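Read through the structure below, which is laid out as C-alpha cells, and then see the notes.
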2 protein chains.
Amino acid sequence: MLSLTDSEKKILDAAKKVFEKQGYTGARMQHIADEAGISKASLHYYFRSKENLFERIFDETMSDFMELVSTWSDEKEHWEEKLRNFIHQFFDFLKTKSLLFILGEINRNPDLLLSRRKKSKPKAKFISYFENLQEAGKLKSSNMYVVYIFMHSLCAYPVLNAGLFQMTTGMNNHDFEVFMKNYPDTVADLLINALKRGLN
Amino acid sequence: MLSLTDSEKKILDAAKKVFEKQGYTGARMQHIADEAGISKASLHYYFRSKENLFERIFDETMSDFMELVSTWSDEKEHWEEKLRNFIHQFFDFLKTKSLLFILGEINRNPDLLLSRRKKSKPKAKFISYFENLQEAGKLKSSNMYVVYIFMHSLCAYPVLNAGLFQMTTGMNNHDFEVFMKNYPDTVADLLINALKRGLN
DNA sequence: AATTGGTTTGACCAAATGGTCAGCAAAAGT
DNA sequence: ACTTTTGCTGACCATTTGGTCAAACCAATT
C-alpha cells in the first residue's frame, strides 16, 4: 500500500476527471496537465505515458470495485437489507464515474480485462449468494443471471445517462435530484419484489 | 427523401461501424476509408469532413429512433401487448448500436441535442400514454418517469455491455445467445408486472 | 476521336498530440 | 557554504491525423 504524494493525487484526480468525460482517446495530456495546474512536462515526469496513467486509474478503480463486491461474503444481515445496502453503495460508487469509464474502455478493448484478469470473478459472489438462498428454500426460483444483469443495468445506466434522462424527461434540477435520491430504494424495492415473486 | 448512391451507403455503413466501435474521437478517417474499401481522399470527396459524416449518421439514427417512438400514438392494441412489442423493437434497434453510439456522444457533448432539438420529445409519448391509462383507472398508480427509465436501462445497458456481461458471468456463447433471445420478454414481464402492481 | 462530367487517388500540408530533454529552482543532506 | 537530489518547465521533436489538390481515370455524349 504505497502512499501517494499530494502532486500524484492532484494529477490522478485531474486525469480521472478528464478521462471520465472525454474517454481515453478523447482525453488530452495537455488538458489533464491544465486541470492539475501543472505543465505537460511535469505530468510526464510523474506518469511516464498516457497509457501508464490510464493503467493506474484502471487498477485503482478495479481494486475499489472488488472491495465493494467482496461484501457479498459475510452472511450476517437478512438478504433484503443486504441487497438494499449493496445497491445504495453501488449507486454511490457509480456516481464517481470512474467505474463507468473503465467499463466503457473494456468494451472497446476486452483485452484490458483478459490480460489483467484477477482470479476474482465479480459475478460469482452475487449469484452464488442468491442461488444458495434459493436452494435453501428461502426464495422463489429465479434465474440469478437475470437478477444480476437487471441490478447492474438499473443502477448503472441512469448514472451513465443522467444528463440525457434529465433532458429528455424535461425535469428541472430540483425534481431530478429528488428523483435520483430516491432512486436506489426504488430499484431495491423492485428487485426484492421480483426475487420474492420469482423471475425467469 | 434523397436516395443514396451505392458508394454513399458503403461509406455510411463503414463509418457507422468504426464510429460505434471507437467513438467519435477514436475513429480514424483512414480506418473508415479502409473499411469501405476506398481511399481517404475519396472519403473526403463524398463527405467533406469527419464532422459532416458524423452529422449524417447522427441525423439518420435520430430519425429512425423517432419513427420507432412514434408508435406510442396509435391506440389499437392492449397496453400489455403494445409494451411487449415496443420492447422487442427497441431491443432490435439497440442491437444495431448506432443509437447507443449517438447517445454516448450526446453524453459527452449535450449541445448535440440542444442545438438540433426537434420539437418531438421522446419521453412525452411513452409517459403520457401510460399516465392516460392510469387516470382511466386501468393501471395502478406508478411514477411513469421511473417506468420510462427502467425500460431504457433494462434494454440499453445489456446491449451496451453485452461482451462484458458474457465475460463476467462466464457464460459460453450458446448460453448467452439463448439468454439474449429470451431477454426482451423477461424485461417485458417484469415491467408489465410492475405496472400492474404499482411502482414508485 | 474528342469532349465532358463525374469519380478516384497518391502526394502533400498544417495542426495537433504524445513524448523527450537540457536546464533551472528549491529542498535536503553534508 | 556546498553539493546532491528532487521537482518542475519551456522549447523542441517525431508521428499522427484531418483535410486538400492536381492529375489520372472512366464512362457517356457528341
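Numbered from 1 within each chain, the chains take letters A, B, ... in sequence-line order. Everything quoted here is computed from the prediction, not taken from an experiment. These numbers come from the heavy atoms of this one structure, side chains and all, not from hydrogens, waters or symmetry mates.
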Expressed as a whole number of angstroms, how long is the span from D6(A):CG to dT6(D):P?
18 Å
Members of residues 45-53 of chain A that approach DNA chain D, where some heavy atom sits under 4.0 Å away:
Y45(A), Y46(A)
Pair D92(B) + K95(B), salt bridge at N-O below 4.0 Å:
yes
Does any residue of residues 17-31 of chain B have a heavy atom under 4.0 Å from DNA chain C, and if so, which ones, in number order?
none
Ring-ring centroid check F101(B) F54(B), cutoff 6.0 Å
yes
Is a donor on one side and an acceptor on the other found under 3.5 Å between the side chain of E35(B) and the backbone of V18(B)?
no
If you count heavy atoms of other groups shown closer than 6.0 angstrom to CZ of R197(A), is the number above 12?
yes
Are the aromatic ring centres of Y145(A) and F179(B) under 6.0 angstrom apart?
no
Among side-chain atoms of Q30(B) and D34(B), is any donor-acceptor pair under 3.5 angstrom?
yes
Taking the ring centre of each residue, are W72(A) and F130(A) less than 6.0 Å apart?
yes
Round to the nearest Å and state the distance from I32(B) atom CD1 to dT17(D) atom C1'.
12 Å
Taking only heavy atoms on the protein side, list every residue of residues 35-42 of chain B lying under 4.0 Å from any atom of DNA chain D, sorted numerically.
K40(B), A41(B)
Exam field: side chain Q89(A) to backbone L68(A), donor-acceptor pair closer than 3.5 Å
no
Counting only heavy atoms from other residues, nucleotides and ligands, does the tally under 6.0 Å from CD of E51(A) exceed 12?
no
When rounded to the nearest 0.5 angstrom, what is the spacing between CD in E105(A) and CG in L113(A)?
12.5 Å
Could you tell me how far apart D34(B) (CG) and dT17(D) (P) are, to the nearest whole angstrom?
12 Å
For the residue pair Y24(A) and F19(A), does the interplanar ring angle fall in the parallel (under 30°), tilted (30 to 60°) or perpendicular (over 60°) class?
parallel
Rounded to whole angstrom units, what separation is found between the NE2 atom of H44(A) and the C1' atom of dC12(D)?
14 Å
CG of L43(B) versus P of dT20(D): gap in Å, rounded?
12 Å
